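Worth saying up front: this structure is predicted, and the values here are computed from it rather than measured. Counting from 1, the numbers follow the sequence of the chain as shown.
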Amino acid sequence: MLEKLKEEVYKANMDLVKHGLVIFTWGNVSGIDREKGLVVIKPSGVDYDVMKPEDMVVVDLQGNIVEGNLKPSSDTPTHLAIYRAWPEVGGVVHTHSTFATGWSQAGLDIPNIGTTHADYFHEAIPCTADMTEEEVKGAYELETGNVIIKRFEGMNPMHTPGVLVKNHGPFAWGKDPHDAVHNAVVMEQVAKMASIAFAANPNLTMNPLLVEKHFNRKHGPNAYYGQN
């Protein structure tokens, strides 16, 4: 079942290792088949060195296991909340990458202060609010998804395809698992650049015209970056 998507999700998970976004088992990627309403996700706690495409777990949008001999990622309810809320999303990534996690632990948005950021994220990469006692002690992973969705009220999640969960770490998404990993890699680099920039100049500023120019030349109605 969904063998092509399993292979795609497996490769996307391995790309987290390739790009240095995870150590041990600190990360997961999922992908969705929108026609079937089924999600493929990394199994929980399985080492990347031994993981295989057939280890990927298939669940429905309510979290029921449809196929697989292993438990799905413990973050599955968060992924599913994102898929249910935003139909444009085709892949979701969670990591504990160093610089993005540092910003999430600081409880700060990553402001849009450079053209690299603006090429991929229109606005500041937002940090969620503190989770309440009820949210933490209740359906924690589901509530993590809910606080992400709440933080994006009034924002286009496909124009800023990433978030920092306060005191936890980053989530990113995209049109498919590969695109979601791509955005996660960029978010880590943007977080690193911002850390360096603010250390060098805490009073830095950004030209808003550059934000609009760089975002729209790749994503706007008259985008011209890349090949036709």
Side-chain angles (χ1 to χ4, degrees), residues 2 5-6 9 12-13 16 21-22 24-46 55-97 100-101 103-105 107 109 125-158 160-177 179-181 183-184 187:
L2 301 179
L5 184 57
K6 285 181 185 176
V9 169
N13 275 284
L16 295 183
L21 293 194
V22 301
F24 301 123
T25 60
W26 300 0
N28 43 73
V29 183
S30 68
I32 187 170
D33 183 316
R34 286 287 180 184
E35 289 187 5
K36 293 182 171 64
L38 297 175
V39 171
V40 174
I41 193 164
K42 175 185 177 288
S44 180
V46 175
D55 293 329
M56 302 299 106
V57 185
V58 181
V59 300
D60 63 22
L61 281 168
Q62 287 68 50
N64 301 301
I65 296 177
V66 176
E67 184 181 69
N69 298 318
L70 300 171
K71 293 192 301 181
S73 167
S74 58
D75 293 306
T76 297
T78 310
H79 289 238
L80 298 181
I82 291 171
Y83 287 127
R84 290 193 299 265
W86 299 327
E88 306 93 337
V89 172
V92 177
V93 176
H94 173 50
T95 75
H96 290 255
S97 60
T101 300
W103 281 81
S104 76
Q105 291 179 168
D109 299 354
I125 298 170
C127 186
T128 62
D130 284 315
M131 294 184 73
T132 65
E133 180 178 359
E134 182 179 4
E135 289 167 339
V136 173
K137 290 184 175 179
Y140 169 65
E141 289 82 8
L142 171 60
E143 296 296 351
T144 299
N146 290 338
V147 299
I148 291 171
I149 294 158
K150 183 176 181 180
R151 184 63 180 82
F152 272 80
E153 289 177 359
M155 293 177 62
N156 185 332
M158 301 310 288
T160 303
V163 70
L164 305 174
V165 177
K166 189 175 181 184
N167 306 126
H168 186 168
F171 283 79
W173 47 85
K175 65 181 184 292
D176 54 42
D179 189 45
V181 169
N183 289 332
M187 178 159 52

Exercise. Return the set of residues passing side-chain contact (heavy atoms from CB on, under 4.5 Å) with N156 (not counting sequence neighbours), or none when no residue passes.
Key: M158, H159

Quiz item: What are the two closest non-hydrogen atoms of L164 and S104, and how far apart are they?
Solution: CB-CB, 3.8 Å

Self-check item: Residues forming a side-chain contact (heavy atoms from CB on, under 4.5 Å) with T132, sequence neighbours excluded
Solution: E134, E135

Quiz item: Per the side chain to side chain contact (heavy atoms under 4.5 Å, CB included) rule, which among N183, V165, T101, V163 passes with P170?
Solution: T101

Quiz item: N64 side chain to D60 main-chain N or O, any donor-acceptor pair under 3.5 Å?
Solution: no

Quiz item: Which pairs count as ring pair (Phe, Tyr, Trp, His ring centres under 6.0 Å) when at least one residue sits in residues 24-43, sequence neighbours excluded?
Solution: F24-W26

Self-check item: Qualifying salt bridge (charged side-chain N to carboxylate O under 4.0 Å, His left out) pairs with a residue from residues 140-156, counting only residues at least two apart or across chains
Solution: D109-R151

Quiz item: Looking only at heavy atoms, which two atoms of S44 and P72 are closest? And how far apart?
Solution: CB-O, 3.3 Å

Quiz item: Tell me the salt bridge (charged side-chain N to carboxylate O under 4.0 Å, His left out) pairs involving residues 66-83, sequence neighbours left out?
Solution: K6-E67

Quiz prompt | Sub-6.0 Å ring centroid separation between Y83 and W173 | solution = no

Quiz item: Is there side-chain contact between K42 and S30, with at least one heavy-atom pair below 4.5 Å?
Solution: no

Quiz prompt | S73 versus I41, closest heavy-atom pair with distance | solution = CB-CD1, 4.0 Å

Exercise. For E88, enumerate each residue passing the side chain to side chain donor-acceptor pair (under 3.5 Å) test, keeping only those at least two apart in sequence or located in another chain.
Key: none

Exercise. Return the minimal non-hydrogen interatomic distance between A85 and I149, and the atom names on each side.
Key: CB-CD1, 3.5 Å

Quiz prompt | Beyond-backbone contact of L16 with T95, side-chain heavy atoms, under 4.5 angstrom | solution = yes

Quiz item: Nearest heavy-atom pair of A180 and G174: which atoms, and what distance?
Solution: CB-N, 3.6 Å

Self-check item: Residues which pass side-chain contact (heavy atoms from CB on, under 4.5 Å) with P43, listed by chain and number, not counting sequence neighbours
Solution: V46, M51, D55, M56, V57, L70

Quiz item: Residues two or more places apart in sequence or in another chain: which of them pass side-chain contact (heavy atoms from CB on, under 4.5 Å) with K36?
Solution: L2, D33, L38

Quiz item: Taking only residues two or more places apart in sequence, or in another chain, which ones meet W103 in a ring pair (Phe, Tyr, Trp, His ring centres under 6.0 Å)?
Solution: none

Self-check item: Pair T78-L142, side-chain contact (heavy atoms from CB on, under 4.5 Å): steps then yes or no
Solution: CA-CA 5 Å; T78 310; L142 171 60; over 6 Å; no

Practice problem: Enumerate the residue pairs fulfilling salt bridge (charged side-chain N to carboxylate O under 4.0 Å, His left out) with a member in residues 161-170, sequence neighbours excluded, ordered by first and then second residue. | Solution: D130-K166

Self-check item: Sequence-distant partners of Y140, ring pair (Phe, Tyr, Trp, His ring centres under 6.0 Å), two or more places apart
Solution: none

Exercise. For H94, enumerate each residue passing the ring pair (Phe, Tyr, Trp, His ring centres under 6.0 Å) test, keeping only those at least two apart in sequence or located in another chain.
Key: H96, H168, F171

Quiz item: Has the side chain of R34 got a donor or acceptor atom that lies under 3.5 Å from a matching backbone atom of V89?
Solution: yes

Practice problem: Measure from the side-chain N and O atoms of T160 to the backbone N and O of P157, and report whether any donor-acceptor pair falls under 3.5 Å. | Solution: no

Exercise. Would you mind reporting whether H79 and V39 have side-chain heavy atoms less than 4.5 Å apart?
Key: no

Quiz item: So which heavy atom on I148 is nearest to which on T128, and how close?
Solution: CA-CG2, 4.1 Å

Self-check item: Sub-4.5 Å side-chain heavy-atom contact between V66 and V59
Solution: no

